[in-house]
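Written out below as structure tokens is the structure these notes cover.
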2 protein chains.
Amino acid sequence: MGKTRRRGAELEAAIYQATRTIIDREGLAGLTLPKVALAAGTSKPVIYRRWNTPFELAIAAVQDQIRRENKGNMDQYVLTGNSLRADLLQLMHRFLISIDTFGNSYLQSLFTEISQHENEALRKMIDRSSQIDMRAIDGVLKRATDRGENVRTDLADDLKLLPFDWVRYNIFVQKEVTEQRLTMLVDDILLPIYSQE
Amino acid sequence: MGKTRRRGAELEAAIYQATRTIIDREGLAGLTLPKVALAAGTSKPVIYRRWNTPFELAIAAVQDQIRRENKGNMDQYVLTGNSLRADLLQLMHRFLISIDTFGNSYLQSLFTEISQHENEALRKMIDRSSQIDMRAIDGVLKRATDRGENVRTDLADDLKLLPFDWVRYNIFVQKEVTEQRLTMLVDDILLPIYSQE
DNA sequence: TCTTTAAGAAACTTTTGGTATCTTATTGGC
DNA sequence: GCCAATAAGATACCAAAAGTTTCTTAAAGA
């Protein structure tokens, strides 16, 4: 009775695929090795022989995806704008698309594990800190105008929140925010943006 | 035999404390209600009566922390700079400090679940995408200078990565990146920063 | 064809999340 | 100060799922 049996690369491809499907649907938290075995149509020992933890497998699966879709790299694309502005828009546009399709979407679900209602509470917390941030920056800007400095008065919320978001992002990805980088943030990013031209 | 028995606010404070310790050490993924019961020196039913999921408890614990340290709010502080630059530096400085002590550090561990070595792999992935991003933006900037536009040539890596980081952050916190916000990013943030004055 | 390697089936053990039951300390009303 | 109501905590229990072991057999290579 010739039961066919996958092995090697073919088998692993199926495992990675199953892994990504699960992460996609249930987040990293929902990823367990037995589940993967089932979804990939293989058995638990096969999985346990190769990986020790769901996280290890998750990383491998994402890396596999990246390897597989590497052609999608942004720097391969040809830009067609005829100004810095146009090129930048084009680039960011593509980035936004690639971050959706590409392995990046998995990267996101690697970090977040949110079911809809849980999301609510979290959302509220972030919003609240944003409000605090906003008041703080408004205070700073007001002092500047009172002092007679030329500051834009029509700043969008996104612009006001930029420095805080920047710092938070760095905390997320565990990149140290040094004194030097903070100075760079103020001098090379914030001042050019906030200053009235 | 007078076994003392905590209740109400006192008990809950201990539970929150235990919760934060666990999140701190093992990340959100490592947080389970039985573990909390053990760490808080109480029993499972006490926990289960109040919360249904680890996530609920996590949110409550962080909110408790925020309430508790609310005095740390940035907008309470008095600014003493005598220029926009000085004020901004002061503000971001405080923000950085508060994000460390404050509940925000928990917010971080809410999203990430990393034991040290797992961190490595993740770090590498992020670094690699950063390199790709960097090449892409370099291409854009080169085209601009070739075209004769006035573009700064001494841009720090942080400045080059800014747009990508900004988009990624928004993806993380699940804030939609609209066409409009993308345009704002280019016009109000990138162009002022990248343009030679 | 024979040997080696690895996949897969199945049974089993262990862990742990979650529930139900019961006892007893604490609080507050009388 | 006594009694009833409330809630903490101990314990036992259940169920599900993680993880392991053993064994069989398909696939690959010599």
Side-chain angles (χ1 to χ4, degrees), chain A residues 1-61 64 109-110 113-118 121, chain B residues 1-61 64 109-110 113-115 117-118:
Chain A
M1 37 215 65
K3 273 273 192 65
T4 181
R5 210 178 258 192
R6 298 163 300 180
R7 42 164 64 200
E10 185 194 355
L11 178 61
E12 281 179 15
I15 294 175
Y16 288 142
Q17 183 51 55
T19 302
R20 289 189 294 261
T21 304
I22 293 174
I23 292 180
D24 226 23
R25 281 212 275 262
E26 311 177 41
L28 180 59
L31 185 73
T32 70
L33 298 189
K35 253 190 228 172
V36 172
L38 186 68
T42 182
S43 63
K44 291 196 281 178
V46 173
I47 310 290
Y48 279 100
R49 277 178 203 126
R50 291 161 206 250
W51 299 278
N52 292 314
T53 69
F55 193 87
E56 265 179 54
L57 174 55
I59 293 288
D64 172 77
S109 40
L110 278 185
E113 45 211 279
I114 355 171
S115 49
Q116 256 36 22
H117 40 88
E118 288 170 341
Chain B
M1 34 215 60
K3 273 274 192 66
T4 181
R5 207 178 260 192
R6 297 162 301 179
R7 43 163 64 199
E10 185 194 355
L11 178 61
E12 282 179 16
I15 294 174
Y16 288 141
Q17 183 52 55
T19 302
R20 288 189 293 259
T21 303
I22 293 174
I23 292 180
D24 226 23
R25 280 212 275 262
E26 310 178 40
L28 179 59
L31 186 72
T32 68
L33 298 189
K35 254 191 229 172
V36 171
L38 187 67
T42 181
S43 63
K44 291 197 282 178
V46 173
I47 310 290
Y48 279 99
R49 276 177 203 127
R50 293 163 204 248
W51 299 279
N52 290 315
T53 69
F55 193 87
E56 265 178 54
L57 174 55
I59 293 289
D64 171 76
S109 37
L110 277 185
E113 44 212 278
I114 356 173
S115 47
H117 40 88
E118 288 168 342

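Throughout, protein chains are lettered first and strands after them, A, B, ... in sequence-line order, and every chain is numbered starting at 1.
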Integer-rounded Å distance: D/dG19 C1' and A/I47 CD1: 13 Å
Rounding to a whole Å, what distance do you find between A/E26:CD and D/dA17:C1'? 14 Å
Figure out the CG/P separation between B/L11 and C/dT26, and round it to whole Å. 13 Å
Please report the closest heavy-atom contact between B/A40 and B/I15, naming both atoms and the distance. CB-CA, 4.0 Å
Could you check whether any side-chain heavy atom of A/D64 comes within less than 4.5 Å of a side-chain heavy atom of A/T19, counting everything from C-beta outward? no
How far apart are the closest heavy atoms of A/P34 and A/K44, and which atoms are they? CB-CD, 3.8 Å
Any idea which heavy atoms bring B/I22 and B/A39 closest together, and the distance? CD1-CB, 4.1 Å
Can you name the closest pair of heavy atoms from B/A61 and B/R20 and give their distance? O-NH1, 3.0 Å
For B/R6, report the nucleic acid contact type (base, sugar-phosphate, nothing); a contact means any heavy atom under 4.0 Å. sugar-phosphate
Are any of the side-chain heavy atoms of A/Y48 and A/S43 separated by less than 4.5 Å? no
Rounded to whole Å, CD of B/E10 lies from P of D/dA7 at a distance of 16 Å
In this structure, how many angstroms lie between the C1' atom of D/dA16 and the NZ atom of A/K35, rounded? 12 Å
Residue pair B/A37 / B/I47: nearest heavy atoms and the distance that separates them: CB-CG1, 3.7 Å
For DNA chain C, which residues in residues 36-46 of chain A have a heavy atom at a distance below 4.0 Å? A/T42, A/S43, A/P45, A/V46
Just how far is it from atom CG of A/N52 to atom CG of A/L33, taken to the nearest 0.5 Å? 8.5 Å
Could you tell me how far apart A/L57 (CG) and D/dA18 (P) are, to the nearest whole angstrom? 13 Å
At a cut-off of 3.5 Å, list every protein nitrogen or oxygen paired with a nitrogen or oxygen from nucleotides 4-6 of chain D, distance to 0.1 Å.
from  : atom 1 : to   : atom 2 : distance (Å)
D/dT6 : O2     : B/R7 : NH2    : 3.4

Below 4.0 Å: OP1/OP2 of C/dT26 and any side-chain N or O of B/T4: yes
Full working for side-chain contact (heavy atoms from CB on, under 4.5 Å) between B/L11 and B/R50: CA-CA 12 Å; B/L11 178 61; B/R50 293 163 204 248; 3.6 Å; yes
Select base, sugar-phosphate, or nothing to describe what A/L33 touches, counting heavy atoms under 4.0 Å on all strands. nothing
For the pair made of CZ in B/R5 and C1' in D/dA8, what is the distance, rounded to whole Å? 4 Å
Nearest-nucleotide comparison on DNA chain D, the residue closer to the 5′ end among A/R49 and A/T32: A/T32
Write down the distance between CH2 (A/W51) and C1' (D/dT20), rounded to a whole number of angstrom. 18 Å
Shorter than 3.5 Å, N or O on both sides, protein versus nucleotides 2-4 of chain C: list them out with atom names.
none

